[in-house]
Every structure is written in structure tokens, then in C-alpha cells.
There are 2 protein chains.
Amino acid sequence: MTAESRPVPTVRSTREVIIEAALRGFGEKGFAATSVREIAAAAGTNIASISYHFGGKEGLRDACAEHIVRLMGDALAAARPGEPLPPDPLAAAETLAGLVRSLVRFLLLEPQGPLVAGFMLREMAHPSSALDTIYEGLFDGVHRTACAVWATATGRPAESEAVRLAVFAVIGQILYFRIAAPVVERRMGWPGIGPAEAEAIAGTVLRNLTLRLDADRRDVP
Amino acid sequence: MTAESRPVPTVRSTREVIIEAALRGFGEKGFAATSVREIAAAAGTNIASISYHFGGKEGLRDACAEHIVRLMGDALAAARPGEPLPPDPLAAAETLAGLVRSLVRFLLLEPQGPLVAGFMLREMAHPSSALDTIYEGLFDGVHRTACAVWATATGRPAESEAVRLAVFAVIGQILYFRIAAPVVERRMGWPGIGPAEAEAIAGTVLRNLTLRLDADRRDVP
DNA sequence: CCGATTCAATCAAACGTTTGATTGCATCAT
DNA sequence: ATGATGCAATCAAACGTTTGATTGAATCGG
């Protein structure tokens, strides 16, 4: 037996395992509907571990928020524009399209996508301190960047009301397709959301985006 | 296993008061986070009334779903096209715009809007029998009608994948603006969502809709 | 050995539901 | 008319269960 070195990635700390189990519970069923006993059992540890590591159930929720910021930040990192921002409208439009594609891929195809979306939407509907973490650590930055790129793509002021709302509308479409997946699948006759279905959804969102960018660029500001 | 019968329509029945109190709780904080004691207290009645009238907490959730179907059905009734459907692309586009305006008004301006949106989104994220009620009693019909009108507006087949997804995308934008209101308000610097803010949101959604309809009509099918 | 973790056991509080009694009306037979 | 009967509705109280949190001992790794 060749002695392989300790598979570090496989050895996850109890902390990590608990966070992942918690995100699964919170994302699928919600914070109140998921008990610490469930989480501890799913993580293969004792319920006291949660108080020990996170100070309580609420602390665990905050840790989940930080975990989400890390997860989604990584998922979007490749698609986020570096400095300087894309110089011309065409490059800017393509950058935005890349962001949309990354977001669709993460939310609709990654196994953690629905959990992250569920957690975030529930936080938005009933904010706690975890929402601040997500907003300040992720959402605000992504939205501001997208607005700046949108400005290059259309020639409109990045922080204008119309641009900020237009970016929200794009994000909203994607998040909605994930959250409302049960209804979408039912109406579409889909057995679930796989690569083909995600492609179709991305197609609709991207078409809406492209049409809006072109029109905003053409019309008089 | 009891209480499928209707206990007589009085002027201000306890039943009604309980349903409204429950929708407030479920819509704001979620099903699990809202106790029957809270609901009973808010409705000014005894906790046993809930088991008596609805057979339990889950029965009350189903009753809330029926209530929502009624509420939203009424809100959309005026904007839904009669028979025959609008004959030409322009009239059809205007019908869709009217539906969007009605939905925005209801979800963003009516006091029950956020509650209904919260309830529906939570059901979509974690379906129960209440989702079936909403889907079959409201969503399916509205979506099919919108697809048919979209077909007239663009000349594309009503039940094609692209049309169905496009209609979902429009609905998604509106629902998202309501659900994510705390985040939207924060980023927009809004103190809340009143008529002026709703108008701005409707403007963005309607612009996306109009651009998509025009393009779909012009492009080769 | 010792600090860092994990554990079984336990706690008070809150949970949804059930119970038995009571009320206010109708609908009776007389 | 009247007292008796049935029924829908509401109530306070208690049910057994589950909740999040805490304790002190056991275990582990360096």
C-alpha cells in the first residue's frame, strides 16, 4: 500500500461540516424550520458543538452568510472585470453577459446554488444581521461593478436610477428562475434543471439584457 | 381530518380574521417561525379556534393559499383580457403592459402585497399542498393567458419554450423587486416603496418587456 | 501533561394539539 | 308561549413533544 499523504481537502474541520449542513437546512427549509439537532446529526456531531463553535444558532446563521460570500465571490471572480474596466460598449456588454452566465451557472447548476439562493431570498424577505454580511461583503460590490460596466456599455451614468434598477432586474430574473424552480419546472414540463434547461434560461435572460443594452445605447439619454 | 365544511359567512367571521392574521405572520416571517399562539393573539381569539376552524396549522396555511388566490385574482381581474383576445400586436402588447402594471401595483403598493409575495416565494422554495392551490387556482391560468397574448403580440407560438420563459422572466422581475425590497431600498437610497418608487420599477420592467416584444415581433421566427 | 473539542445528560421555555366546560341561538314537542 | 334539546363557537387549561442552550465529564492531539 503506497502511503498517500493525508488528503487535506477531504479532512474538513467540524466547523466546516456544520456550516455546510446548516446551509443545506437553512437554504432548503428556512432558519426557523431547521433545528440545531437536525444540523448536528447531519454533520455527524453533537448539538453542543454548535454553541461551542458559533455561540448559538444565530451565530451559525452569520457563519453561513460568510460562507455564502466566499462561495459566490469565488463563483463570480473569474467573470468580474479587472482594472481597468472594459473600454468600449461591446466589450462592456460582453462582460455583463459573462457575469450573467456565471451567475446562472452557479445558481442553476452547482449543487449549492439552490441553497445559496434560498438562504439569500429568505434573508431579503426577513432581514437579520446575516443580510448585512451578504450585502456588504458581496452584493453591494457586484451591483456597483455591474452598474459601472453598464455605464460603459450604454453611455449612461453608472449611478443613475435607471441603470441601478436595470441591473436589479437582470439579477432578479436569474434569482427568480432558481427560487421558483418548482413552478417553472411544472409549467415547462421539465424533470429538473440541468445544463440544457439552464442554457434555455440563460438565453432568455441574455436576450433581455442585450436588447436593453442596445436600446439604452441607441436612445437619447 | 376535520373541518372541510364552511362555517357560515358572517359579516366579520373569526375565520377571516384568523386567515388575515396568519397571512401576515406567514408572509413576513414564514410558516415555521409563526406560532399559532401569535396568530390567535393577533386575531383576538383563542388558540383552539385554529384547530377548530382549519383542522390545524397546516390547514390554516391551505386556507391562506385560497385567500391569496382570491386576492390576487381580484387584483388581476380588470387587466386580464376577455374573449376574444386582443386581435393585433399593438393591442396585445398593451394588454401585457396592463397586466404588468396591475401586478406591480398590487405587489408593491397594496399593503397585502409583500405578504402575498412572501408567502408565495416561501412556498416556491419549499412547496407544500398550498403551492398546488396557488398554482392551479391562479398561476397556471395567468401564465397561459399571458403566453397567448404574447403570441399575438409577437407572432410566435404561445406554448413555445421561448415564450413561456419570457413570460416567467417578466413575472420574476416584479416578484423579485418585492421580495428583495430591503436590498433594493438600501442600494437605491429609498426610504421605502411608494407610488413614485413603484412607478420607477414599473418603468424598468415595462421597458424590458416592450423591447423584447418588439424584437421578437421583428426577428425571424 | 494540557488546552482544545466532543460528548451524554439535562434544563426551562415554547411548540401544536386536545380536552371538557360554557355560551348563545335556533329548533323542537308540548 | 315555553321549557328541552341540539349545535356551532369560544374559552381556559393541560397534554406530550420539541426547541435552543448549558453543564461537567470524557476524549483527543501536540
Side-chain angles (χ1 to χ4, degrees), chain A residues 3 5-8 10-65 119 122-123 126 128-130, chain B residues 1-65 119 122-123 126 128-130:
Chain A
S5 67
R6 209 156 288 184
V8 178
T10 8
V11 170
R12 295 168 305 166
S13 65
T14 303
R15 229 189 103 94
E16 277 176 80
V17 178
I18 291 176
I19 288 179
E20 283 166 20
L23 180 56
R24 178 154 28 247
F26 296 162
E28 276 180 5
K29 317 190 311 177
F31 181 75
T34 309
S35 70
V36 294
R37 281 177 171 81
E38 253 181 277
I39 296 170
T45 184
N46 193 270
I47 54 170
S49 305
I50 285 158
S51 284
Y52 177 77
H53 282 287
F54 307 97
K57 195 185 183 186
E58 302 218 346
L60 178 52
R61 170 168 55 189
D62 290 335
C64 281
F119 187 96
R122 285 172 208 273
E123 279 298 317
H126 196 62
S128 77
S129 60
Chain B
M1 326 185 176
T2 56
E4 186 63 29
S5 60
R6 53 195 63 174
V8 176
T10 38
V11 275
R12 197 62 173 181
S13 68
T14 303
R15 227 188 113 92
E16 242 178 294
V17 179
I18 292 177
I19 289 179
E20 284 167 18
L23 180 56
R24 184 161 318 120
F26 295 162
E28 276 179 7
K29 316 189 312 176
F31 180 75
T34 307
S35 70
V36 295
R37 284 176 169 80
E38 254 181 276
I39 296 170
T45 183
N46 192 270
I47 53 171
S49 305
I50 284 157
S51 283
Y52 176 78
H53 282 288
F54 307 97
K57 196 185 182 185
E58 302 217 346
L60 178 52
R61 170 168 56 190
D62 291 335
C64 282
F119 187 96
R122 287 174 207 271
E123 278 298 316
H126 195 61
S128 77
S129 60

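Only heavy atoms go into these numbers, but all of them, side chains included; no hydrogens, no water, no symmetry mates. Every chain is numbered from 1, with letters handed out A, B, ... down the list of sequences.
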Residues two or more places apart in sequence or in another chain: which of them pass ring pair (Phe, Tyr, Trp, His ring centres under 6.0 Å) with B:F26?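 For B:F26 the ring pair (Phe, Tyr, Trp, His ring centres under 6.0 Å) partners, ignoring immediate neighbours, are B:F31.
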What's the shortest heavy-atom distance between A:A22 and A:L60, and which atoms?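 Scanning both residues completely, I find the closest heavy atoms to be CB-CD2, 3.6 Å.
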The criterion is side-chain hydrogen bond (donor to acceptor under 3.5 Å, both in side chains); which residues satisfy it with [X], sequence neighbours excluded?
{"X": "B:E28", "value": "none"}
{"X": "A:T45", "value": "A:S49"}
{"X": "A:K57", "value": "none"}
{"X": "B:E58", "value": "none"}

Residue pairs passing the side chain to side chain donor-acceptor pair (under 3.5 Å) test where at least one lies in residues 33-44 of chain B, sequence neighbours excluded: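 Counting only pairs at least two positions apart or across chains, the side chain to side chain donor-acceptor pair (under 3.5 Å) contacts touching residues 33-44 of chain B are B:K29-B:E38.
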With a 4.0 Å limit, can you tell me whether [X] has a side-chain N or O closer than that to the phosphate oxygens OP1/OP2 of [N]?
{"X": "A:T14", "N": "C:dT6", "value": "yes"}
{"X": "B:H53", "N": "D:dA8", "value": "no"}
{"X": "A:T45", "N": "C:dC7", "value": "yes"}

Nearest-Å distance for atom pair CD1/P, residues B:I39 and C:dC15: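 In whole Å, C:dC15 P lies 11 Å from B:I39 CD1.
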Given atom NZ of A:K29 and atom C1' of D:dT18, what is their separation to the nearest angstrom?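 For the pair A:K29 NZ and D:dT18 C1', the rounded distance is 13 Å.
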What ring-ring contact (aromatic ring centres under 6.0 Å, His included) pairs are there with at least one residue in residues 44-65 of chain A, not counting sequence neighbours?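 Sorted pair list comes back empty.
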Close N/O contacts between protein and nucleotides 20-27 of chain D (under 3.5 Å):
from   : atom 1 : to    : atom 2 : distance (Å)
D:dG20 : OP1    : A:K57 : NZ     : 2.6
D:dG20 : OP2    : A:V36 : N      : 2.9
D:dG20 : N7     : A:R37 : NH1    : 2.7
D:dG20 : O6     : A:R37 : NH2    : 2.7
D:dA21 : OP2    : A:K57 : N      : 3.0

Check the interface with nucleotides 22-24 of chain C: list each N/O to N/O pair with the protein under 3.5 Å, or write none.
none

